[in-house]
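As structure tokens, the structure follows; a few thoughts come after it.
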Amino acid sequence: GDVGAGEQIFNANCAACHAGGQNVIMPEKTLEKEALDQYLAGGRTEKSIISQVTGGKNAMPAFGGRLSDEEIANVAAYVLASAEAGWE
Ligand code: HEM
């Protein structure tokens, strides 16, 4: 995925709940490396992020059909790269 394109998608669709890689609804389920290792189904991979963004989970809405597969791949690449970088 294209990390730069993913950043714009993140700011437009995800930052309301996940600004700075945090989570305003379920504070422990952040987008930080350790939280993705602990909570994300399938572990800290681009594929796992794509699955959750496409299908949603509990209070997180599904983006499949609202974002294209390419947009979802790009935002997943951005989330993973940002987690690796510590959301600096
Ligand atoms: C969890 C990504 C939009 C609410 C997560 C997780 C990821 C993620 C990777 C797993 C984090 C973890 O388990 O530690 C994204 C992306 C979004 C997006 C890339 C935009 C395309 C949103 C929005 C909301 C939201 C708009 C609020 C309306 C949540 C909640 C969880 C979560 C509540 C925890 C779900 C659970 O395990 O019960 N998100 N998210 N997300 N997200 Fe999002």
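Because the structure is predicted, anything quoted here is derived from the model rather than measured. All values below were derived from every heavy atom in this structure, side-chain atoms included, with hydrogens, water molecules and symmetry-related copies excluded. Counting convention: from 1, in listed order, for ligands and their atoms alike.
Within the 4.0 Å heavy-atom criterion, the part of Cys17 lying near ligand 1 is the side chain and not the backbone.
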Exercise. Let me see the working for Asn13 and Val75 under side-chain contact (heavy atoms from CB on, under 4.5 Å), right down to the final yes or no.
Key: CA-CA 10 Å; Asn13 295 279; Val75 80; over 6 Å; no
Practice problem: List the steps and the verdict of side-chain contact (heavy atoms from CB on, under 4.5 Å) for Tyr78 and Ile9. | Solution: CA-CA 9 Å; Tyr78 171 73; Ile9 294 160; over 6 Å; no
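The number of heavy atoms from other shown groups lying within 6.0 Å of CD (Gln8) does not exceed 12. Atom CD of Glu46 is surrounded by more than 12 heavy atoms from other residues, nucleotides or ligands within 6.0 Å.
Summary of contacts: the protein heavy atom closest to atom 37 (O) of ligand 1 is Lys29 NZ, 2.7 Å. Among protein heavy atoms, atom 6 (C) of ligand 1 sits closest to Gln52 NE2, 3.4 Å. The protein atom (non-hydrogen) at minimum distance from atom 35 (C) of ligand 1 is Lys57 O, 3.7 Å. Counting protein heavy atoms only, atom 9 (C) of ligand 1 is closest to Leu31 CD2, 3.7 Å. Atom 20 (C) of ligand 1 has Cys14 SG, 2.0 Å as its closest protein atom, hydrogens excluded (heavy atom only). Scanning all protein heavy atoms for the shortest distance to atom 3 (C) of ligand 1 gives Phe63 CE1, 3.5 Å.
Tyr39 and Trp87 sit in two unconnected hydrophobic clusters of ILVMFWY residues. Membership requires side-chain heavy atoms under 4.5 Å apart, directly or through other members. In this structure, Leu40 is a member of the same hydrophobic cluster as Met60, with clusters built from ILVMFWY side-chain heavy atoms closer than 4.5 Å.
Smallest separation of non-hydrogen atoms from Ala76 and Ile50: CB-CG1, 3.6 Å.
Between the CZ atom of Arg66 and the CD1 atom of Ile72 there is a distance of 10.0 Å, given to the nearest 0.5 Å. Summarising the geometry, atom NZ belonging to Lys29 is positioned 4.0 Å from atom NZ belonging to Lys57; distances are rounded to the nearest 0.5 Å.
Each of the atoms 11 (C), 12 (C), 14 (O) of ligand 1 lies under 4.0 Å from some heavy atom of Thr30. Ligand 1 places these atoms under 4.0 Å from at least one heavy atom of Val53: 16 (C), 19 (C), 21 (C). Of all atoms in ligand 1, numbered sequentially from 1 with element shown, those under 4.0 Å from a heavy atom of Ala35 are 14 (O). Of all the atoms in ligand 1, the ones that sit under 4.0 Å from a non-hydrogen atom of Tyr39 are 12 (C), 13 (O), 14 (O).
When distances to atom 43 (Fe) of ligand 1 are checked against a cut-off of 2.8 Å, His18 contributes an N, O or S atom below that limit. Residue Met60: an N/O/S atom is found under 2.8 Å from atom 43 (Fe) of ligand 1.
Using a 4.0 Å heavy-atom cutoff, Pro61 is listed among the residues neighbouring ligand 1.
At least one N/O-N/O distance between Asn58 and ligand 1 falls below 3.5 Å.
With hydrogens and angles disregarded, a donor-acceptor distance shorter than 3.5 Å links the side chain of Ser48 to the backbone of Gly43.
Checking Asn23, Ile50, Asp37, Asn13 against atom 31 (C) of ligand 1, the nearest heavy atom belongs to Asn23.
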